[in-house]
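Throughout, protein chains are lettered first and strands after them, A, B, ... in sequence-line order, and every chain is numbered starting at 1. No experiment lies behind these values; they were computed from the predicted model shown. Computed over heavy atoms, backbone and side chain alike; hydrogens, waters and symmetry mates excluded.
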Amino acid sequence: MTPEELSTAISACLTEAVAAGEITVDLPDTVRVERPKSREHGDWATNIALQLGKKAGMAPRDFAQLLSARLSQVPGVSSVDIAGPGFLNITLDAAAAGELARTIVEAGSAYGHNQSLNGQVINMEFVSANPTGPLHIGHTRWAALGDAIARVLRASGAAVTSEYYINDAGNQMNVFATSVYNRMHSLPVPEGGYPGEYIQELADIVLEQAPQLKDEPLETALPQIRELAYAAQMADIKRTLADFGVSFDVYFSEATLHNAGAVNDAVARLREQGHVFDDAGAVWLRTTDFGDDKDRVMIRANGEPTYFAADAAYYLSKKDRGFEQKIYLLGADHHGYVNRLKSIAACAGDDPSHNIEVLIGQLISVNGAKLSKRAGNIIELRDLIEWIGADALRYSLARYPADSPIALDPEQLRKNSNDNPVYYVQYAHARSRAAARQAEAKGVTRGEFDASLLTHATENDLLAVLGQLPSVVAGAAESREPHRIARYLEQVAAAYHSWYAATRITPVGEDTQVTAEHSTRLWLNDATSQVLANGLGLLGVSAPEKM
RNA sequence: GCCUCCGUAGCUCAGUGGAUAGAGCGUCUGUCUCCGGAACAGAAGGUCGAAGGUUCGAUUCCUUUCGGGGGCACCA
């Protein structure tokens, strides 16, 4: 029996009690079932009687008494105790609890998936680094976290499109191209230009593809240099993301918005909505109507659209493409942008509390990281991957809530020990696979399964933890907090290691007789592998067979 | 000045309107004739920054306050 099934059973008992006239109260959609901290309090506990007792005009303990009478009749429920002010402590039959092992193995990679976000159509934009240089540490956290959030949302039934917005318009692209041009001619870095060594690499690539550009003056060479260097830089970014295990469904070019007139269209559409006005030669969006602290310019007095105008057009594009929810993942340095983005949504007639969601992540730092020589004074993502490893890096970043500032300690992350949580979890997976291989060699198979044999205290604990994956995934999706998965996996690993130390999957010593206990434990072992693999998969971290 | 995030064990950090606030590291004590010791069992270590308020119950929610990080462009 899974906690979800127990929750459903409690809801059914409540409904029956209402129908029988025993209680009069509005029932919640779902009943929360929790694993009590203390084992003395049974397998599962609920505080539903405390919540509903008062509303039903009853003492919580009396309410608990009524519910307990019905609940103890449910098949699989061994006993129900009322504790303290009205907690219901529920103990399951070993067989009912153990059945979960089979449920998980049979569900396979689908275990943990849930329908909590069914029907939601979500656009998630993250990273969106400028195409004028390599990815650096500032992009790393969202690359790891954003990708994990997308996976968690999908596992909860949402249709998610992950999107990378390329800021390939505006003067910065000309500055970028000029920087490359100057490198081609060994000229100094232009005013405000890009200094890193990677510019030289881009210059080499451009010259290789179009050697004639070397003899052309800046004005005529610039457009082609811009295109070639841009393409090379985006290829580099995509390669680094791929090495990090991150892929995007859509790479959206800002330039295409300008070229297709979408920016001007956006101004016109927002004007129709009544939120655009002209002042001092510029065109403004009255974002103060929706809580922004000042109105924002869309078209400058010189006729050039602002970056903000492109953002408005981009938002409308997402809306037009049918995304009900648009999630933006931004660094803390973009905090001031949140109200503006929300105002765009409001000006477009959307509900800023529903159709747009801006997640702000605190910045990270890495102690003692080497600064990239090729890119100037930044820490490059590709260097971090090479130094720490993609798995350790992704896990470490996914392990903390986005709003918590973190300082990574690379020396710790490079260690193959318990200092390093990713190894703890990965090791548990590798160990469980090794145990399965060992079992096979000793003739243990999953042929026989008798859940009532899973009676050891560590088996009860392990089963309880394994049963929580679906609700943990749903919770992580709802709150956009994949770190809950990581923390959960550490619990799974701990429960597995305890179980492993306390019981045997294979016959030991002279006793070579394979029993139903062995084969049943193999089911539990394999169920654990599956939960660890599924959870790590949601974080974009590998689940190794061997380490 | 305004906005926002953080403040929990010696360190790095989880967590929760409820029963005894947790993990790892560090410190201390144990566990290998046997499936992977990258492990397990246990001990010590806390006025949950402070003060008010709401509540049957607050570390959690609200207000104030102290300390720290980040942000407040006709830049992109």
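Remark: A:Lys294 is not in phosphate contact with B:C2, judged by side-chain N or O atoms under 4.0 Å from OP1 or OP2. The phosphate of B:G15 has OP1 or OP2 within less than 4.0 Å of a side-chain N or O from A:His483. Phosphate contact (OP1/OP2 of B:A76, side-chain N/O of A:Arg300, threshold under 4.0 Å): present. A close approach under 4.0 Å does not occur between any side-chain nitrogen or oxygen of A:Thr306 and OP1 or OP2 of B:A73. Remark: A:Tyr424 is in phosphate contact with B:C40, judged by side-chain N or O atoms under 4.0 Å from OP1 or OP2. Between A:Ser498 and the phosphate of B:A41, there is a side-chain N or O to OP1/OP2 separation shorter than 4.0 Å.
Among the protein residues, A:Asn89 comes within range of the nucleic acid bases, having at least one heavy atom under 4.0 Å from a base atom. At a threshold of 4.0 angstrom between heavy atoms, the contacts of A:Ser396 with the nucleic acid are absent. Within 4.0 Å of A:Ala45, counting heavy atoms only, lies at least one base atom of the nucleic acid. Contacts of A:Pro60 with the nucleic acid, taken as non-hydrogen atoms under 4.0 Å apart, are absent. Note on A:Arg487: only backbone sugar-phosphate atoms sit closer than 4.0 angstrom, heavy atoms only; bases stay farther off. The residue A:Asn167 sits apart from the nucleic acid: no heavy atom pair falls under 4.0 Å. A:Met547 comes within 4.0 angstrom of a base, heavy atoms only. Within the nucleic acid shown, A:Ala428 has no heavy atom closer than 4.0 Å to any nucleic acid atom. When heavy atoms are screened at a 4.0 angstrom cut-off, A:Ile360 is found touching no nucleic acid atom at all. At a threshold of 4.0 angstrom between heavy atoms, the contacts of A:Ala502 with the nucleic acid are absent. When heavy atoms are screened at a 4.0 angstrom cut-off, A:Glu545 is found touching base atoms of the nucleic acid.
If you take atom C1' in B:G30 and the same atom in B:C5, they sit 43 Å apart, rounded to whole Å. On the C1' atoms, B:C11 is 35 Å away from B:C2, given to the nearest whole Å.
In this structure A:Asn171 satisfies the side-chain hydrogen bond (donor to acceptor under 3.5 Å, both in side chains) test with no other residue, sequence neighbours excluded.
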**Request:** Show your working on side chain to side chain donor-acceptor pair (under 3.5 Å) between A:Asn525 and A:Tyr496 and close with a plain yes or no.
**Result:** CA-CA 8 Å; A:Asn525 180 77; A:Tyr496 177 76; 2.6 Å; yes
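Using a 30° and 60° split on the angle between ring planes, A:Tyr164 and A:Tyr251 fall in the tilted class, from 30° to 60°. Aromatic ring pairs are classed by plane angle as parallel below 30°, tilted from 30° to 60° and perpendicular above 60°; the pair A:Phe248 and A:Phe126 is tilted.
Applying the 6.0 Å contact sphere to CZ of A:Arg300 captures more than 12 heavy atoms from other residues, nucleotides or ligands.
For A:Gln362 and B:G70, a side-chain-to-base donor-acceptor distance below 3.5 Å is absent, hydrogens and geometry of angles not being considered. One cannot find a donor-acceptor pair under 3.5 Å joining the base of B:A19 and the side-chain atoms of A:Asn47.
Sorted by residue number, the members of residues 329-347 of chain A with any non-hydrogen atom under 4.0 Å from RNA chain B read A:Ala332, A:Asp333, A:His335, A:Gly336, A:Tyr337.
Look at A:Asp461 and A:Arg35 and you find a salt bridge, because one of the NZ, NE, NH1 or NH2 atoms lies within 4.0 Å of a carboxylate O, short of that distance.
You'll find the side chain of A:Ser343 stays beyond 4.5 Å of the side chain of A:Asp289, heavy atoms only.
Each of A:Ala434 and A:Phe87 was assigned the nucleotide of RNA chain B with the nearest heavy atom; the assignment lying further toward the 5' end belongs to A:Phe87.
A side chain to side chain donor-acceptor pair (under 3.5 Å) with A:Thr515 is found for exactly one of A:Glu517, A:Gln513, A:His518, namely A:His518.
Closest to the side chain of A:Tyr307, out of B:A76, B:C35, B:A41, is B:A76.
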